[in-house]
2 protein chains.
Amino acid sequence: MPDPDRDRPDLGAMIVRFGRALIAAERPVLAAHDVSMWGYAVLSALADEPMRTQAALARAIGADKTRIIGILDELQERALIEREPDPEDRRVRLLRLTPAGRHLYASVRAEIHAAEERLLGGLTLADKGVFLRVLQQLSHEPD
Amino acid sequence: MPDPDRDRPDLGAMIVRFGRALIAAERPVLAAHDVSMWGYAVLSALADEPMRTQAALARAIGADKTRIIGILDELQERALIEREPDPEDRRVRLLRLTPAGRHLYASVRAEIHAAEERLLGGLTLADKGVFLRVLQQLSHEPD
DNA sequence: TATTGTTATACTCTATAACTATA
DNA sequence: TATAGTTATAGAGTATAACAATA
């Protein structure tokens, strides 16, 4: 049976190229709100659901637990997140967005969404629908 | 007009997650052949067409010109590429794969292809076709 | 003077291990 | 002793600038 995709470019190469275009499109949005990529990832994860430990948050966004500390420090200093010791186990830090954090996240997310939509602007509606659905499926496969 | 994709996950987040899965799947293949990610990118670019300058090659794979030097050194040492001064302008280095380089590249690419196909294994043929076509389109948009 | 390739330097990002405070 | 979080250190990866050879 012949393979119709035999001569397609590497999937990896295509993902990297498109990923770079995405980052380039999103960087100015994040910069305008003075939020780093990791900071945005943290806001996004906490917007989905508050977390009971920093380790769980790190795992959720695919980062090392030592790497998010500085990010949490800054977000807390700007009063975008709350980080308080759990009274029942004072080793763990309960993490959640403040109203200000939720508000900022909503703004940034809307602008990022708009930038992404511009990148997808050349697609037909049918293609766009399939692409997003498939990508969602592929990105949720187990590590 | 309502937006049916309003609540989709961030495109960037999905691309990053899928990109990580791809890298994880391809890393053992590259390691088995003792080729780095950048080394593979170089082999791939030169397999498409020989290049007249290292700067052009760097641009083609989205790397800095200073960063590919060590990679070219190693590939040359292993006799996978040829790098000779252009007689007509001795500043530039003509770059091309050796037969051994072309052979190694074909092997690695076939295995990477197979690994990628496994990741896409859960898709219907129609979805896979649309996904690859759209991704190809999106990855070729101007920077 | 401009360009190709190279080397040197510094800077950022990331991972590992050691430390503290709680349990 | 085990765990959550933190700090310190070192390593990899990357970018910038200075340099050598050639045009």
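None of these values were measured; they are calculated from a predicted model. Throughout, a chain's letter reflects where its sequence line sits, starting with A, and its residues are numbered from 1.
- Aromatic ring orientation, A:F131 versus B:F131: parallel (interplanar angle below 30°, classes split at 30° and 60°).
- In this structure, a donor-acceptor pair under 3.5 Å is present between the side chains of A:R83 and A:Q76.
- Here the P atom of nucleotide C:dG5 and the CD atom of B:Q76 are 13 Å apart, to the nearest Å.
- Residue A:Q54 forms a side chain to side chain contact (heavy atoms under 4.5 Å, CB included) with just one option from A:R93, A:K65, A:R59, and that option is A:R93.
- Straight-line distance from the CD1 atom of A:I69 to the P atom of C:dC13: 16 Å, rounded to whole Å.
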task = Please assess B:D86 against B:R91 for the test salt bridge (charged side-chain N to carboxylate O under 4.0 Å, His left out), listing each intermediate value before the final yes or no.
result = CA-CA 7 Å; B:D86 183 347; B:R91 291 175 303 181; over 6 Å; no
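- Taking atom CD of A:Q54 as the reference point, atom P of D:dT7 lies 10 Å away to the nearest angstrom.
- When side chains are defined from C-beta on, A:L30 counts as touching A:I112, because their heavy atoms get closer than 4.5 Å.
- Inter-residue side-chain proximity for A:T98 and A:I81 is flagged as unmet; no heavy-atom pair is nearer than 4.5 Å.
- Look at B:R67 and you'll find a side-chain N or O under 4.0 angstrom from OP1 or OP2 of D:dA15.
- Rounded to an integer number of Å, the gap from CD1 of B:I23 to P of D:dG13 is 12 Å.
- Put simply, CG on B:L94 is 9 Å from P on C:dG5, counting in whole angstrom units.
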Nucleotides 16-23 of chain D: protein proximity per nucleotide (B base, S sugar-phosphate only, - neither; heavy atom, under 4.0 Å) = BB----BS
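- Between A:M51 atom CE and D:dG5 atom P the separation is 12 Å, expressed in whole Å.
- Atom-to-atom, CD1 of B:I61 to C1' of D:dT14 comes out at 14 Å; the value is rounded to the nearest Å.
- Out of C:dT14, D:dG5, C:dT6, the shortest distance to the side chain of A:V92 is found at D:dG5.
- Note: CZ (B:R52) to C1' (C:dT4) measures 10 Å, nearest angstrom.
- Atom-to-atom distance recorded for B:E116:CD and B:L119:CG is 8.0 Å, nearest 0.5 angstrom.
- Dashed line: the shortest gap from a side-chain N or O of A:W38 to OP1 or OP2 of C:dC13 is not under 4.0 Å.
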